[in-house]
Amino acid sequence: NRRRTVVRPIPVLLAAALLTGAITYKVATKKRIVEAEIVLALSEGAMSADRRDVGIPVNDLRDYVAGQLMPKTKLTEIIERRDLFRLRKRLGIEFAIDQLRENMEIAIWHNSFLIDDETGGRSARIGITYGDTDPALALEVARDLAQVVVQEQNANQQEMATELAH
């Protein structure tokens, strides 16, 4: 092997340069994922009465947002309206919903649902991040997801108020 390199250094160097150039081109032209984040504030009054006196751990709050406030029907509407994941037509809507959830991140911080803060109320910040190679689409989908969370929380509050009134 060493003899071939010594006897034919030019073809070996050309092959190495060609391979290096191809890898560099691939890395340089790779589309980057851009993330868009929407931050929502959730206050104590927005939560149901049965949760008011109990601390809500971060993971439970994240699961509440991802599960209760982002139902599959609403996620399906976003996917169809934005024409996301073209393979959904072949692989089904469950595939598309899984892909949407993989491109999305829900972060909870300043979670004072565990303890009362100085003002006596409890609150949390909910960050909904969506990543895509198209920055405009990433922002639109992040806004859509935040809108779904707000609408679902408002519907939950209305339902709870109706139950309490009866």
Side-chain angles (χ1 to χ4, degrees), residues 1-43 46-47 55-115 117 122-154:
N1 249 354
R2 186 174 164 92
R3 272 199 221 165
R4 259 188 232 160
T5 309
V6 173
V7 175
R8 300 181 187 149
I10 293 177
V12 171
L13 290 175
L14 283 175
L18 185 64
L19 185 60
T20 303
I23 292 171
T24 302
Y25 174 78
K26 187 74 172 163
V27 169
T29 59
K30 180 182 176 191
K31 290 187 175 185
R32 306 242 187 266
I33 299 293
V34 178
E35 293 183 338
E37 182 176 40
I38 304 293
V39 178
L40 303 172
L42 181 68
S43 62
M47 297 301 289
I56 303 172
V58 170
N59 288 336
D60 290 351
L61 192 52
R62 187 179 301 114
D63 291 345
Y64 173 72
V65 172
Q68 299 294 317
L69 300 182
M70 291 185 179
K72 288 183 178 183
T73 55
K74 297 291 185 176
L75 297 180
T76 301
E77 288 174 16
I78 292 172
I79 290 167
E80 295 294 335
R81 187 173 60 248
R82 299 286 179 199
D83 195 24
L84 303 174
F85 316 111
R86 297 194 179 175
L87 282 177
R88 77 180 182 281
K89 293 171 184 161
R90 230 181 282 145
L91 300 176
I93 197 65
E94 285 299 320
F95 164 80
I97 290 171
D98 290 343
Q99 291 298 304
L100 181 73
R101 290 190 187 276
E102 283 180 23
N103 292 352
M104 170 180 59
E105 182 179 334
I106 298 171
I108 309 290
W109 69 94
H110 188 60
N111 181 17
S112 62
F113 273 100
L114 294 174
I115 55 170
D117 66 13
R122 293 180 277 191
S123 66
R125 300 295 174 268
I126 302 167
I128 300 170
T129 305
Y130 186 79
D132 196 272
T133 55
D134 179 1
L137 181 62
L139 182 58
E140 290 169 358
V141 173
R143 284 181 177 160
D144 289 347
L145 292 168
Q147 187 72 29
V148 165
V149 168
V150 170
Q151 288 171 349
E152 289 297 310
Q153 183 59 31
N154 288 343

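Everything numeric in this text was worked out from a predicted model, so none of it was measured. Quick note: numbers below take in every heavy atom, side chains included, and nothing from hydrogens, waters or symmetry partners.
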**OP:** Please report the closest heavy-atom contact between Thr133 and Pro135, naming both atoms and the distance.
**Re:** O-CD, 3.5 Å
Original post:
Does the Arg125 side chain pair with the main chain of Leu40, one donor and one acceptor, at a distance under 3.5 Å?
Top reply: no
Subject >> Residue that, paired with Glu80, satisfies salt bridge (Lys or Arg N to Asp or Glu O under 4.0 Å) out of Lys74, Arg88, Lys89 >> reply: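 Testing Glu80 for a salt bridge (Lys or Arg N to Asp or Glu O under 4.0 Å) against Lys74, Arg88, Lys89 leaves exactly one candidate, Arg88.
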For the atom pair [atom1] ([X]) and [atom2] ([Y]), what is the distance rounded to the nearest 0.5 Å?
X: Ile97; Y: Lys72; atom1: CD1; atom2: NZ; answer: 6.0 Å
X: Leu19; Y: Thr24; atom1: CG; atom2: OG1; answer: 9.0 Å
X: Ile79; Y: Gln99; atom1: CD1; atom2: CD; answer: 9.5 Å
X: Ile33; Y: Tyr130; atom1: CD1; atom2: OH; answer: 9.0 Å
X: Leu84; Y: Arg86; atom1: CG; atom2: CZ; answer: 9.5 Å

Would you indicate whether the side-chain heavy atoms of [Y] and [X] approach each other to under 4.5 Å?
X: Thr20; Y: Leu18; result: no
X: Arg101; Y: Leu75; result: yes
X: Phe85; Y: Ile93; result: no
X: Tyr64; Y: Met70; result: no
X: Val34; Y: Asp132; result: no

Tabulate below the donor-acceptor pairs under 3.5 Å that side-chain atoms of residues 137-148 make, not counting sequence neighbours, or state none.
from	atom 1	to	atom 2	distance (Å)
Glu140	OE1	Arg82	NH1	3.1
Asp144	OD1	Arg82	NH2	3.3
Asp144	OD2	Arg81	NH2	3.3
Asp144	OD2	Arg82	NE	2.8
Asp144	OD2	Arg82	NH2	3.2

Subject >> Residues which pass salt bridge (Lys or Arg N to Asp or Glu O under 4.0 Å) with Glu37, listed by chain and number, not counting sequence neighbours >> reply: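 Applying salt bridge (Lys or Arg N to Asp or Glu O under 4.0 Å) to Glu37 gives none.
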